[in-house]
S.K.: 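Right, I'll just put the structure down here and ask away after.
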Amino acid sequence: MTDASSDSLMPRLKRLREVLLMGPGPSCVPPLVYEALARPTIGHLDPAFIDIMDAIKDQLRELMGTGNRLTIPVSGTGSAGMETCFVNLIEPGDTVLVLVNGVFGQRMTDVAKRLRAEVDTLEFQWGTPVQVEAVREQLQKKEYRIVAVVHAETSTGVCNPVAEIGEVIRPTGALYLVDTVTSLGGMPVQMDAWGADALYSGTQKCLSCPPGLAPISFSERAVQKLQARATKVPNWYLDLTLIVNYWEGAQRAYHHTAPVNMLYALHQALGLILAEGLENVYARHGTAHRRLVEGLEEFDLEMLVEPGARLPMLNAVLVPDGVDETAVRRKLLAESGIEIGAGLGPLAGRIWRVGLMGHTARPENVDRFLDALSDALNDPACRRIG
Ligand SMILES: *Cc1c(COP(=O)(O)O)cnc(C)c1O
């Protein structure tokens, strides 16, 4: 007989060590969430499982600041949440305005264009927030069915003024679509107060659950737009008119097999956040962020974003002249077991992205990172000549 233990069949998995995840996601996963993942798999229509599904919907409503009935986790990562919002709300020819100041605003534009919407973008310099006045002016020039923005732009570390943007959209009657992939669970998300109609997130950022689910919520107005469609939702897997028959009502109908164990994990992850208390969780992110910025300033490092627009959970740090940014990241991972992120697009090579998301956002992690970074900055192998 062969030895069927995972150690002998999966030697690569055995070699994996725990990494301190301080990049743009995934973040560190708490032990109780790993335990939840390992619970026995049951049927996706088992009454005990339906009970967990219903509990998750309530937990998400609390975290998102909404009373919306249609609030569920979609099977897939954050981008599946983005796709779900656009694919259910857009009909060909619909006018859509996307506010873009980073990678994820660009991704929204791409998704909306593929659905044959008439897409306009308002672009803002990467590293700076969306300017509400510019949005107001654009909305006076043209009528839009949907306006979309990213709350926490993970590619730059910028927080966009979503409440103020919501105020200028409201009188126009457009649906308001907000990406809260990186903000949810790390800073206040107030879907109803913002007047947002469609909102999506992901599990591996501040929810500190492995990647694989995308919580979404639709307002009554969004549900009405969905129900009034002249054409079918052009994607079977993400069609909410079908999915709700599994997530709502006394009699649940099979659509696709729910990722049962991932939903156990999400239930546990949300439970941990709500038990700690939302205010305490947000304060912990703020404290870790300030500790990090103070530490970086002691090394004379500068942040990309102005203080008023900085995210607590994603810190864009300018790479100083003469430093090899790739070598620093490689050394942090190899020698200290710490992962941080690189810049994307126009910021590639110019910034590091240091994540303080969810379970990762703790002072001891900040200190461990600062010590390791100090070593790297003093290492001649991390210098760039010329
Ligand atoms: C990570 C992220 C996404 C995409 O999520 P995936 O889980 O990578 O599919 C979308 N928007 C923002 C703001 C993100 O940070």
Side-chain angles (χ1 to χ4, degrees), residues 66 68 70 74 78-126 128-153 155 158 160-181 191-201 214 216-236 238-241:
T66 183
N68 292 337
L70 178 46
V74 166
S79 304
M82 182 189 293
E83 193 105 36
T84 301
C85 290
F86 283 105
V87 83
N88 280 274
L89 293 177
I90 287 177
E91 289 190 89
D94 276 354
T95 49
V96 175
L97 177 65
V98 185
L99 312 175
V100 181
N101 57 348
V103 165
F104 294 103
Q106 285 184 334
R107 186 173 299 181
M108 284 177 154
T109 309
D110 188 6
V111 170
K113 281 186 176 164
R114 285 166 193 248
L115 296 166
R116 291 187 289 133
E118 185 188 314
V119 184
D120 291 340
T121 57
L122 268 187
E123 313 254 351
F124 302 88
Q125 197 190 336
W126 290 30
T128 70
V130 167
Q131 286 158 29
V132 182
E133 267 322 300
V135 180
R136 190 197 309 274
E137 278 169 30
Q138 184 63 27
L139 293 177
Q140 279 162 357
K141 277 191 227 155
K142 184 166 166 182
E143 200 173 310
Y144 291 98
R145 300 299 301 271
I146 297 170
V147 181
V149 70
V150 177
H151 182 204
E153 203 14 290
S155 61
V158 163
N160 282 321
V162 285
E164 292 81 353
I165 295 167
E167 269 169 42
V168 302
I169 295 172
R170 191 169 303 144
T172 72
L175 292 175
Y176 185 25
L177 200 163
V178 185
D179 173 319
T180 62
V181 175
M191 180 171 188
D192 292 354
W194 298 342
D197 295 292
L199 182 135
Y200 63 89
S201 191
I216 60 119
S217 184
F218 270 40
S219 72
E220 270 314 309
R221 289 176 67 228
V223 172
Q224 278 161 16
K225 169 104 165 74
L226 174 60
Q227 286 169 343
R229 290 181 70 99
T231 55
K232 269 191 180 183
V233 174
N235 178 312
W236 183 87
L238 301 176
D239 183 344
L240 288 172
T241 66

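For this chain, numbers begin at 1 and follow the sequence in order. Just so you know, these numbers come straight off a predicted model, no measurement behind them.
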S.K.: Please determine if Lys225 and Asp94 form a salt bridge, counting it only when a charged side-chain N lies under 4.0 Å from a carboxylate O.
M.R.: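 Salt bridge flag = yes for Asp94 with Lys225.
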S.K.: Check Ala214 against Ala80 and note the closest heavy-atom contact, atom names and distance.
M.R.: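 Looking at all heavy atoms of both residues, the shortest contact is CB-C, 4.5 Å.
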S.K.: So, for Phe104 and Glu153, which heavy atoms are closest and what is the spacing to 0.1 Å?
M.R.: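 Smallest heavy-atom distance, with atoms named: N-OE2, 3.1 Å.
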S.K.: Determine whether Glu143 and Thr95 satisfy the following criterion, side-chain contact (heavy atoms from CB on, under 4.5 Å), listing intermediate values before the conclusion.
M.R.: CA-CA 7 Å; Glu143 200 173 310; Thr95 49; 5.6 Å; no
S.K.: Could you list the donor-acceptor pairs under 3.5 angstrom formed by side chains in residues 163-176, with sequence neighbours left out?
M.R.:
from	atom 1	to	atom 2	distance (Å)
Thr172	OG1	Ile169	O	2.6
Thr172	OG1	Ala174	N	3.2
Tyr176	OH	Val162	O	2.8

S.K.: Check Lys113, Arg145, Lys142 against Glu118 for a salt bridge (Lys or Arg N to Asp or Glu O under 4.0 Å) and give me the one that passes.
M.R.: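 Of the listed residues Lys113, Arg145, Lys142, the salt bridge (Lys or Arg N to Asp or Glu O under 4.0 Å) partner of Glu118 is Lys142.
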S.K.: Using a distance-only test with no angle check, is there a side-chain donor-acceptor pair under 3.5 angstrom linking Ser219 and Asn68?
M.R.: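 No, Asn68 and Ser219 have no side-chain donor paired with an acceptor closer than 3.5 Å.
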S.K.: Yes or no on side-chain contact (heavy atoms from CB on, under 4.5 Å) for Leu226 and Thr241, after CA distance, side-chain angles and deciding distance?
M.R.: CA-CA 8 Å; Leu226 174 60; Thr241 66; 3.7 Å; yes
S.K.: Does some side-chain heavy atom of Val130 sit less than 4.5 Å from a side-chain heavy atom of Leu122?
M.R.: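 The answer is no; the side chains never approach within 4.5 Å.
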S.K.: Quick check: do Trp126 and Val158 have side-chain heavy atoms less than 4.5 Å from each other?
M.R.: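 They are not in side-chain contact.
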S.K.: Could you measure the distance from the SG atom of Cys85 to the CG atom of Leu240? Nearest 0.5 Å is fine.
M.R.: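 It comes to 8.0 Å.
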S.K.: Any chance you could measure Arg229, atom CZ, to Asn88, atom CG, to the nearest 0.5 Å?
M.R.: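 Separation between the atoms: 7.0 Å.
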S.K.: Please report the closest heavy-atom contact between Phe218 and Ala198, naming both atoms and the distance.
M.R.: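 Distance-wise, the nearest heavy atoms are CE1-CB, 4.0 Å.
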S.K.: To the nearest 0.5 Å, how far apart are OG1 in Thr231 and CD1 in Ile90?
M.R.: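 If I round to the nearest 0.5 Å, the distance is 11.0 Å.
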S.K.: Output all residues satisfying salt bridge (charged side-chain N to carboxylate O under 4.0 Å, His left out) with Asp239, sequence neighbours left out; order by chain, then residue number.
M.R.: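 Asp239: no salt bridge (charged side-chain N to carboxylate O under 4.0 Å, His left out) contacts found.
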S.K.: Quick check: closest heavy atoms across Thr66 and Ser217, and the distance to 0.1 Å?
M.R.: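 Closest pair (atom of Thr66, atom of Ser217, distance): CG2-OG, 3.8 Å.
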S.K.: Determine whether more than 12 heavy atoms belonging to other residues, nucleotides or ligands lie under 6.0 Å from atom CD of Glu123.
M.R.: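 Enclosed.
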S.K.: Distance from Asn235 atom CG to Glu83 atom CD, nearest 0.5 Å?
M.R.: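 It is 6.5 Å, given to the nearest 0.5 Å.
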S.K.: Checking Val178 against Trp194 for the side-chain contact (heavy atoms from CB on, under 4.5 Å) test, could you report, in this order, the C-alpha distance in whole Å, the side-chain angles of both residues, the deciding distance, and whether it holds?
M.R.: CA-CA 10 Å; Val178 185; Trp194 298 342; 4.2 Å; yes
S.K.: For the atom pair CZ (Phe86) and OG1 (Thr109), what is the distance rounded to the nearest 0.5 Å?
M.R.: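 Answer for the CZ-OG1 pair, Phe86 versus Thr109, is 7.5 Å.
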S.K.: Should Tyr144 and Gln138 count as side-chain neighbours, where that means a heavy-atom distance under 4.5 Å?
M.R.: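 Side-chain contact under 4.5 Å: yes.
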S.K.: Of all the heavy-atom pairs spanning Met108 and Val149, show the shortest one and how long it is.
M.R.: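 Where Met108 meets Val149 most closely, the heavy atoms are CE-O, 3.5 Å.
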S.K.: So which atom in Ala112 and which in Val119 form the shortest heavy-atom distance, rounded to 0.1 Å?
M.R.: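 Looking at all heavy atoms of both residues, the closest pair is CB-CG2, 3.7 Å.
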S.K.: Between CZ of Phe124 and CG of Asn160, what distance do you get to the nearest 0.5 Å?
M.R.: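 Atom-to-atom, Phe124:CZ and Asn160:CG are 8.5 Å apart.
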